[in-house]
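Worksheet for the structure shown next.
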Amino acid sequence: MFRRMRQQLPATRHRMPLAATRAAVIAGFLCAGCLVTSSAQAFELFGFTFFEDKKTEATVAVPDPLPYTATITVSGGDEDLRKALTETSQLIAEADTPPSGAPGLISRALGDQQQLLARLYVSGLYGGTVEIDIAGSSLQAAVESGTINSRAGQRVPVSIRVETGPQFHFGAIAISSLHLEGATAADVPPDDYGLVPGEPALSDRILAAEQKLVTNLKAQGHPFARISDRSVVADHASRTLDVAIEVDPGPTANFGVVSVTGQKRTDADFIVSQANIQPGRRYDPQALRDAGKRLRALGIFGSVRIAEAEQLDADGRLPVIIEVSERKRHVIGGGATISSTEGLGVEAYWRHRNLFGRGEQLSIEGSAGRIGTRSLAELEYASRIVFTKPGAFGPTTSFTATVGAKRENPEAYDSRSVYGSLRAGKKHSETLEYATGTEFSFAREEDALGTGNYALFGVFGEVTHDSRDDVLDPSSGFRATAFAEPAYDMETGGAMLFTKASVSAYQAFDDAKRLILAGRLATGSIFGASLSDIPPSRRYYAGGGGSVRGYAYRNIGPRVSDEVIGGRSFFEGSAEVRTRITESIGVVGFVDAGAAYSSELPDFSEPLKIGVGAGLRYYSPLGPLRFDFAVPLNPGTDDPDYAIYVG
């Protein structure tokens with residue numbers, strides 16, 4: 001093996017059998033990409049360390065350590081390849097960690113040779129060579145003798161020489177599929193799997209094709225699909241690589257019995273119901289992935305693993321085992337935001353997870369806002385109790401009941417209210433969900449139009465489409481919502497219809513997702529009631545964080561004697577350019593625009609208020625933390641010269 005790996009392949013056709021290919025190609029190719037070691041790490045934020053493991057690890061001394069120095073030279077290839085080869089070399093990366101004696105250094109050099117050759121294969125360089133000398137002698141000689149000419153107190157010199165050689169291209173490609181019960185083998189179009197004659201013969205394309213073959217067969221109901229044979233033949237005269245892959249689909253199968261392990265308080269039948277893996281249904285790996293997502297979304301499990309049996313049961317079905325570990329049931333939490341225009345806001349909650357053993361959640365929440373901008377008697381505050389029941393009407397549904405009280409005191413109005421709601425939601429797919437329900441509120445509110453009592457009862461519906469790749473830090477996809485609520489005021493006898501819609505979109509312009517463009521549009525209307533009959537807290541306003549940054553909170557809208565009274569419609573738009581400077585620091589430039597109108601539809605009779613600004617992002621393990629500085633371009637009464645937002 002060593003001599004074959006050390007010397008360049010002759011200019012003849014050379015067949016790599018399956019066993020040899022697994023050793024020299026698959027294992028090597030996977031190693032060539034990167035070698036990753038993981039360990040538990042403490043969480044550090046702004047220089048403070050949290051969850052630090054105080055236990056010190058014992059340092060294991062290496063017996064007979066043999067220090068060495070390593071150098072690498074690469075002939076041929078571009079700068080990126082030379083850099084990749086240098087980064088692949090473990091002799092270079094671990095030079096400060098001496099191996100154990102001559103056997104340790106020889107073993108490290110042999111592993112390095114395999115990895116470097118594999119990295120050449122990744123670039124389609126099957127004629128390349130890797131030669132390693134240790135203390136002036138070849139690695140082959142060191143292997144045969146088992147010794148190294150080293151002097152006490154001196155580092156052993158190690159020299160690595162890489163000749164990249166010419167690039168190979170794919171030649172003949174054949175993919176065949178074995179079939180059961182004596183059926184003839186059917187060829188699979190190689191182009192569908194990225195193996196195209198004449199294109200560079202990159203080794204990872206072979207691995208990707210095999211993975212795609214197996215993945216597609218599993219999706220067609222073959223749980224034990226595998227690659228049964230592989231032939232990779234390099235022709236050095238024509239610099240081509242012929243590839244023949246044979247895949248064994250194995251039998252088709254249906255799901256069998258679903259069992260649960262690891263649960264303590266949680267009802268096993270509830271777990272099976274939420275997983276929604278139906279016995280007798282055709283095997284589908286996507287159904288298993290969806291089941292895992294639903295179970296994790298419950299928030300009651302620390303880990304969820306869905307394991308397939310290694311063989312079919314007596315009925316020819318595939319048993320499934322759901323392995324879970326439960327999280328602690330009682331949780332406390334909190335958060336804070338601060339703004340130069342809206343002051344300090346704090347919130348806290350106590351939560352009981354898995355109340356009755358079927359995922360129920362009870363949450364008691366409280367918050368206070370505008371601290372620092374009002375006297376204690378004029379602060380905003382809110383409290384509420386929320387009960388959530390997942391799987392209330394099926395595995396993809398939920399039910400939520402809420403009661404609460406709040407006091408709002410922005411510039412435009414003062415409101416004291418109690419409220420409640422019942423909400424039923426259904427997740428139709430990975431991206432689409434909808435909800436319906438009813439809500440009521442009793443409020444006493446005061447604004448520039450006077451003081452009034454309101455007893456509002458409404459029935460609402462909401463649809464959400466969310467294809468973002470990340471909820472906290474999206475780089476692609478969009479989120480769109482539409483909301484409608486017909487309501488009746490039992491105090492005034494008036495009926496009205498509240499509507500609102502919004503869409504946010506995200507697009508990265510590079511593979512590393514360092515440059516992202518984000519945009520948002522939102523609009524809403526209230527139909528069927530005069531402005532004075534609508535509770536001030538339900539009218540539409542703009543301004544402040546999450547709306548038009550730079551302006552005072554809810555200070556954009558129709559006015560009476562310089563007092564904002566809110567409108568029956570609004571329009572908002574925002575655009576951001578986000579750029580990452582490092583892995584943890586980013587900068588943002590943005591422009592916001594918006595206005596509220598007294599008419600039922602936005603008539604743009606008033607010019608849009610525009611705010612511009614810039615910000616910093618710190619990408620913490622918990623999500624991005626933001627610092628924004630915004631300036632209003634056309635400020636009005638009570639608007640600041642600038643605004644700062646931290647959240």
Side-chain angles (χ1 to χ4, degrees), residues 40 43 50-51 255 257-279 287-308 319-335 347-367 382-405 419-430 433-439 462 464 466 470-472 621-623:
F43 166 48
F50 302 88
F51 313 119
F255 285 124
V257 63
V258 180
S259 57
V260 180
T261 64
Q263 84 283 7
K264 296 180 180 178
R265 179 179 177 83
T266 311
D267 188 334
D269 291 339
F270 170 73
I271 298 175
V272 172
S273 173
Q274 284 297 111
N276 198 29
I277 303 171
Q278 302 170 5
L288 300 180
R289 290 190 289 269
D290 292 343
K293 289 181 180 179
R294 280 193 295 272
L295 292 175
R296 295 183 187 95
L298 294 174
I300 62 177
F301 299 121
S303 65
V304 176
R305 178 176 179 267
I306 300 181
E308 307 170 22
V320 176
I321 302 174
I322 302 174
E323 302 172 359
V324 300
S325 64
E326 296 182 355
R327 303 171 68 185
K328 293 182 178 180
R329 296 196 301 273
H330 301 108
V331 186
I332 59 173
E347 59 181 300
Y349 63 84
W350 173 89
R351 188 166 295 159
H352 190 304
R353 296 187 289 227
N354 212 7
L355 190 62
F356 304 121
R358 297 181 68 86
E360 301 89 351
Q361 180 172 281
L362 178 67
S363 183
I364 300 176
E365 306 170 6
S367 64
S383 63
R384 66 175 185 167
I385 301 175
V386 183
F387 173 79
T388 302
K389 174 69 175 76
F393 316 105
T396 60
T397 66
S398 64
F399 170 78
T400 303
T402 304
V403 293
Y419 62 93
S421 68
L422 302 175
R423 180 183 185 275
K426 179 176 177 59
K427 191 172 182 64
H428 182 73
S429 67
E430 281 299 303
E433 59 182 300
Y434 44 85
T436 186
T438 181
E439 64 178 353
E462 184 176 19
T464 302
D466 192 347
D470 189 311
V471 175
L472 295 178
L622 301 178

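Just so you know, residue 1 is the first one in the sequence shown, and it goes up from there. Being a predicted model, the structure only gives us computed values, none of them experimental.
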Closest non-hydrogen atom pair, [X] against [Y]:
{"X": "Arg329", "Y": "Asn354", "answer": "CD-O, 4.1 Å"}
{"X": "Ala275", "Y": "Ala291", "answer": "O-CB, 3.2 Å"}
{"X": "Arg327", "Y": "Gly302", "answer": "CG-N, 3.0 Å"}
{"X": "Leu295", "Y": "Phe301", "answer": "O-CD1, 3.6 Å"}
{"X": "Ala268", "Y": "Val260", "answer": "O-CG2, 4.0 Å"}
{"X": "Ala307", "Y": "Glu323", "answer": "CB-OE2, 4.3 Å"}

Between [X] and [Y], is any pair of side-chain heavy atoms under 4.5 Å apart?
{"X": "Ile322", "Y": "Ile271", "result": "yes"}
{"X": "Tyr434", "Y": "Glu462", "result": "no"}
{"X": "Lys427", "Y": "Arg294", "result": "no"}
{"X": "Glu439", "Y": "Tyr419", "result": "no"}
{"X": "Leu288", "Y": "Phe255", "result": "yes"}

Would you compute the distance between atom [atom1] of [X] and atom [atom2] of [Y] and round it to the nearest 0.5 angstrom?
{"X": "Lys426", "Y": "Thr396", "atom1": "NZ", "atom2": "OG1", "result": "3.0 Å"}
{"X": "Phe356", "Y": "Leu362", "atom1": "CZ", "atom2": "CG", "result": "8.0 Å"}
{"X": "Ile300", "Y": "Phe270", "atom1": "CD1", "atom2": "CZ", "result": "5.5 Å"}
{"X": "Thr397", "Y": "Lys389", "atom1": "OG1", "atom2": "NZ", "result": "8.0 Å"}
{"X": "Arg305", "Y": "Thr261", "atom1": "CZ", "atom2": "OG1", "result": "9.0 Å"}
{"X": "Asp269", "Y": "Gln263", "atom1": "CG", "atom2": "CD", "result": "9.5 Å"}

So is Arg351 actually on top of Tyr349's ring, under 6.0 Å and inside 45° of the axis?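 Yes, Arg351 lies over the aromatic ring of Tyr349.
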[X] side-chain N/O to [Y] backbone N/O, donor-acceptor pair under 3.5 Å:
{"X": "Ser325", "Y": "Ser303", "answer": "yes"}
{"X": "Glu347", "Y": "Gly366", "answer": "no"}
{"X": "Arg353", "Y": "Gln361", "answer": "no"}

Would you call the rings of His330 and Trp350 parallel, tilted or perpendicular, taking 30° and 60° as the class edges? parallel
Fit a plane to each ring of Phe393 and Phe399, take the angle between them on a 0 to 90° scale, and name the class: parallel (under 30°), tilted (30 to 60°) or perpendicular (over 60°). perpendicular
